[in-house]
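Heavy-atom basis, side chains included; hydrogens, waters and symmetry copies ignored. Everything numeric here is computed off the predicted structure, so don't read it as measured data.
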Amino acid sequence: MYKYISIILCLLALSCTQAYAKKKKFPGGKQYVFRIQLTDKHGTPFSINRPEEFLSQKAIERRKKQRCKIDQSDLPINPEYLKKIEKECGKIVSKSKWNNTVLVVTKDPAEKMLWRQKLDFIKSVIRVWETPDSVDIPSERDLSSMHFVQPDTFGSLYGVAERQISMLNGMKLHEAGFKGNGKSIAVIDAGFNNADVLPLLKNSKVRLARDFCWPASHDIYAESSHGMSVLSCMAMNAPNQHIGTAPEASYILLRSEYSEAEMSAEEDYWCAAAEFADSIGVDMICSSLGYTEFDNGSHVNYAYKDLNGKTSQISKAASMLAQKGIIGVVSAGNSGSKVWKKINFLADAQNVLAVGAVDNKGKITTFSSVGNSADGRVKPDVVAMGSRTQCLTTRNMFSALNGTSFSAPVLCGMVACLWQSLPNKTAMEIMDIVRKYGNNADYPDNVYGYGLPDFWKAYNENK
């Protein structure tokens, strides 16, 4: 079980500016969270002929450019259904139009059968979480007491990050003027501690931050540092210290992971975040989250046979990204040396790039999860440096971190640069090119997938 796909080497360095947590009663007392699967979208006032009512112009243009159809999955859930659910079932805390599901909270765990009797548009109901008696509540950030370190400078333009980009032959792409400019990347994670105040991230182009969890955080920048470190692999733009793989891309920071528990409801939060990212027109989604089993009370667990991209709530949604014109880049998982061993749920999604981790010599790490998917697709798709990857910490320091959490954003940034250089390619075409130019492409396997991509070669032979 893991909430984030990472192994942190320097826990103290990462957490020293986060306030100590204290136990508090869960707000509202004991509650139960249910996922309601709806039968249809009949009677919705929305139409695929009027997409401007539920998609931004940027999202519509992205689809037109890639010849992606707007279909029934894009239609918002029937508002009348939502009103009846709110009246009969409980408070709605999340919803997914792609999966046609609604997440509700109630204090009565026995209500679900009554809902189905009363509302004929309810297909199924499953409990996906029950709240704990108490939780760790972090204190408010005290920005006035924070003291940030000023790291050394280096002779290399890329500083400490040189090796992780050179392994992908990405510096030449940057030198040719392709640094992700014009591409927007949504980062879906657990939190972005101090990302708004760290000096080394001051040149990053963060456009928006939003929370999709229940209960929502009072401050997305006071939550987990995991997402901030993930962001730094791509967005950093500090010459002679650290330059990320897409320093000129713009970033949308979305929280879907509730750090105090491992629950299937987090899949629903992820879906809501991804759908929001789609609606505002992002080009890519990078996510270093993954699931295999959940805490007691979730009543949802998966097996190997479910790793098919169409069983888990989160993977079903992620499998839709490419048909919306979005490239999804996700972590393969860190179960390689554990009993599970396989990729996580999300990495099994169809038509995304699931990224494994290698060391600085290109050798697979022991922790990197293996494939293939249950339906025989090559997984992981590709690999990147995920051992001692240079990331930013909450003290404005660099730290060498391990995990496919970090190989994914390293790879994602380069994909953004490649797409900038090949602007007429579709999401599907770009992902196919990335796989084709992996150093293991002739004989892809369940350990390296298609291998380490050569992005400069990919550009030159497809421009």
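Between the side chains of R67 and T426, no donor-acceptor pair of N or O atoms lies under 3.5 Å.
For K363, the NZ atom sits in a loose shell: 12 or fewer heavy atoms of surrounding residues, nucleotides or ligands are nearer than 6.0 Å. At most 12 non-hydrogen atoms from other residues, nucleotides or ligands lie less than 6.0 angstrom from NZ of K95.
A donor-acceptor contact shorter than 3.5 Å is absent between the side chain of S368 and the backbone of I364.
When every heavy atom of S217 is checked against every heavy atom of D211, the shortest pair comes out as N-OD2, 2.6 Å. Counting all heavy atoms, side chain and backbone alike, M414 lies closest to G170 at CE-CA, 3.4 Å.
Figure legend: K425 and W419 shown without cation-pi pairing, the cationic atom not lying both under 6.0 angstrom from the six-membered ring centre and within 45 degrees of its axis.
A tilted orientation is assigned to the rings of F406 and H226, their planes being inclined by 30° to 60°.
L353 CG to S331 OG: the interatomic distance, rounded to the nearest 0.5 Å, is 12.0 Å.
Applying the salt bridge (Lys or Arg N to Asp or Glu O under 4.0 Å) rule to K179 yields no partners; only residues at least two apart in sequence or on another chain are considered. Under the rule for a ring-ring contact (aromatic ring centres under 6.0 Å, His included), F154 has no partner lying at least two apart in sequence or in another chain.
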Could you pull out all donor-acceptor pairs under 3.5 Å where a side-chain atom in residues 70-79 meets a protein atom, sequence neighbours excluded?
residue : atom : partner : partner atom : Å
D71     : OD1  : S73     : N            : 3.0
D71     : OD1  : S73     : OG           : 2.5
S73     : OG   : K324    : NZ           : 2.6
D74     : OD1  : R63     : NH1          : 2.8
D74     : OD1  : R63     : NH2          : 3.1
D74     : OD1  : K324    : NZ           : 3.0
D74     : OD2  : R63     : NH1          : 2.8
D74     : OD2  : D71     : N            : 2.9
D74     : OD2  : K324    : NZ           : 3.4
N78     : OD1  : E80     : N            : 2.9
N78     : ND2  : H42     : O            : 2.6

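Using a 4.5 Å cut-off on side-chain heavy atoms (C-beta onward), L401 and R388 make no contact.
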